[in-house]
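A, B, ... follow the sequence lines: proteins, then strands. Residue 1 opens every chain.
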Number of protein chains: 2
Amino acid sequence: MSQIDGNELRGHLETLVLAALSAGEAHGYEILQRLEARGEGVLHLKEGSLYPALYRLEEAGHVRAHWQDDAEGRRGPRRRIYQLTRKGKAELARRREHWRRFVSVVGGIVEASS
Amino acid sequence: MSQIDGNELRGHLETLVLAALSAGEAHGYEILQRLEARGEGVLHLKEGSLYPALYRLEEAGHVRAHWQDDAEGRRGPRRRIYQLTRKGKAELARRREHWRRFVSVVGGIVEASS
DNA sequence: TGGTTCTATTTAGACAGACTTGGTAGCATT
DNA sequence: AATGCTACCAAGTCTGTCTAAATAGAACCA
């Protein structure tokens, strides 16, 4: 089954990350797993793409991050927990609209009289 | 109205070009116009993107090109006419399938419980 | 005659963003 | 002690779309 190539994700990856976070806060690795789980076996993001995307989203004020307080509970690598800000939720709504237009326009051409 | 950015087109532009040519042979500029016409005002390809894409498609054997025979008819800049090869038609079919999967997977995540 | 606009192709270089690679580090399993 | 899984990060590569400019014929206007 043909995989979804990184090029095709360009300009959509941040939208995917925002959508993943709309299900609730998560740390980076968990976002990766959420997307992988919903990726129907053809979507495989890499850390090298995700973390820069998270930094961009954080800088833009769309997500907020904090180090997990591991006073009690798990022992393991430290985690940074990301969550949508109000601004990020609005951004996700805009991006959903934009996604629909993208699909409508490109899809309209690709599927024309096929 | 928000435009479709070049980044989002990455990995899809060649598919658009193949789809445009499935309506019949055309020269570069005409492909641009076809896509512009179907772009609902938000899709604007540039020559600097189209011609390299055409060269890639030609090299891959998906399109065939020839200089227009202007023995009679129009006088103006010379044109290169592009048409789908049999291989290109098969490629378009594959890419349509791939497009549907892409929309299904990414759309499924983006639209999840929205 | 020159100026502008539209058609049409070509190429050089800039750029953004997803990628690969490799590193750190803790814990669990073998 | 070695491997594998979790978890994060940095540096550099790649690629394809973009900007921008050059070239050039034809049509139109003044």
Side-chain angles (χ1 to χ4, degrees), chain A residues 3-18 25-37 39 42-60 63 65-70 72-82 95 102 106, chain B residues 3-18 25-37 39 42-60 63 65-70 72-82 95 102 106:
Chain A
Q3 303 299 301
I4 292 179
D5 175 75
N7 274 322
E8 305 170 66
L9 250 29
R10 276 240 192 179
H12 303 291
L13 188 142
E14 290 177 20
T15 308
L16 289 178
V17 172
L18 291 174
E25 61 171 33
H27 59 273
Y29 203 79
E30 194 177 0
I31 294 171
L32 236 35
Q33 290 172 323
R34 284 186 189 175
L35 292 174
E36 180 81 24
V42 297
L43 179 63
H44 310 283
L45 304 193
K46 303 301 155 50
E47 294 106 320
S49 316
L50 174 72
Y51 291 107
L54 283 169
Y55 305 150
R56 291 194 297 271
L57 288 169
E58 194 180 359
E59 182 154 26
V63 305
H66 63 93
W67 287 105
Q68 185 175 50
D69 175 21
D70 49 11
E72 53 203 275
R74 60 181 295 288
R75 291 271 147 229
R78 66 219 171 120
R79 293 166 162 175
R80 269 195 107 197
I81 310 294
Y82 293 89
R95 281 170 179 266
F102 172 78
V106 176
Chain B
Q3 303 298 300
I4 293 179
D5 176 75
N7 274 323
E8 305 169 66
L9 249 30
R10 274 236 189 185
H12 303 292
L13 188 142
E14 290 177 19
T15 308
L16 289 178
V17 172
L18 291 175
E25 59 171 33
H27 58 274
Y29 203 78
E30 194 178 0
I31 294 171
L32 237 34
Q33 290 173 322
R34 284 186 188 174
L35 293 174
E36 180 81 24
V42 296
L43 179 63
H44 310 282
L45 303 194
K46 303 302 155 49
E47 296 101 317
S49 317
L50 174 71
Y51 290 107
L54 283 170
Y55 305 150
R56 291 195 297 273
L57 289 169
E58 195 181 357
E59 182 154 27
V63 305
H66 63 91
W67 287 104
Q68 186 175 48
D69 174 20
D70 49 12
E72 54 202 277
R74 58 181 298 288
R75 291 269 148 230
R78 67 221 172 119
R79 293 166 162 175
R80 268 195 110 199
I81 310 295
Y82 295 88
R95 282 172 178 265
F102 173 78
V106 177

B:Leu45 atom CG is separated from D:dC18 atom P, nearest whole Å, by 6 Å

Specify the separation, in whole Å, of atom NE2 of B:His44 and atom P of D:dT19. 11 Å

Once you apply a heavy-atom cut-off of 4.0 Å, does A:Gly28 come out as touching a base, just sugar-phosphate, or nothing? sugar-phosphate

Taking CD from A:Gln68 and P from C:dA25, how many angstroms apart are they, rounded to a whole number? 20 Å

Rounded interatomic separation in angstrom, taking CD from B:Gln3 and P from D:dT17: 18 Å

Between the base of C:dA16 and the side chain of A:Arg10, is there any donor-acceptor pair under 3.5 Å? yes

Nearest to the A:Tyr29 side chain among C:dG17, D:dC8, C:dC19, which nucleotide is it? D:dC8

Is any side-chain nitrogen or oxygen of B:Arg56 closer than 4.0 Å to OP1 or OP2 of D:dT17? yes

Side chain of A:Ser49 - closest among C:dC19, D:dC9, D:dT17: C:dC19

Would you mind reporting whether A:Val63 and A:Val17 have side-chain heavy atoms less than 4.5 Å apart? no

Using a 4.0 Å heavy-atom cut-off across all strands, classify B:Glu30 as base, sugar-phosphate, or nothing. nothing

Whole-Å distance between C:dT10 C1' and B:Leu50 CG? 12 Å

To the nearest angstrom, how far is B:Leu9 atom CG from D:dT15 atom C1'? 15 Å

Evaluation steps, side-chain hydrogen bond (donor to acceptor under 3.5 Å, both in side chains), between A:Glu36 and A:His44: CA-CA 6 Å; A:Glu36 180 81 24; A:His44 310 283; 2.8 Å; yes

B:His12 NE2 to D:dT15 C1', straight-line distance once rounded to whole Å: 15 Å

The side chain of A:Asn7 lies closest to which of these nucleotides: D:dT15, C:dT9, D:dC8? D:dT15

Select from B:Arg80 and A:Ile4 the residue whose nearest nucleotide in DNA chain C is closer to the 5' end of that strand. B:Arg80

From the options C:dT10, D:dT17, C:dC19, select the nucleotide whose nearest atom is closest to the side chain of A:Lys46. C:dC19

Option from B:Leu9, B:Val106, B:Leu43, B:Val42 for which side-chain contact (heavy atoms from CB on, under 4.5 Å) with A:Phe102 holds: B:Leu9

Closest approach to the side chain of B:Leu13, judged atom by atom: which nucleotide of D:dT17, C:dT9, D:dC8 is it? D:dT17

Heavy atoms only: give me the nearest B:Glu8-B:Gln3 pair and the separation to one decimal. OE2-O, 4.2 Å

Think A:Tyr51 has a side-chain N or O under 4.0 angstrom from the OP1 or OP2 of D:dC8? yes

Can you find a heavy atom in the side chain of B:Arg56 that is under 4.5 Å from one in the side chain of B:Glu14? yes

Calculate the interatomic distance between B:Glu8 atom CD and D:dT17 atom C1'; express it in whole Å. 12 Å

Please determine, for the side chain of B:Gln33, which listed nucleotide (D:dT6, C:dT7, C:dA16) has the closest atom? C:dT7

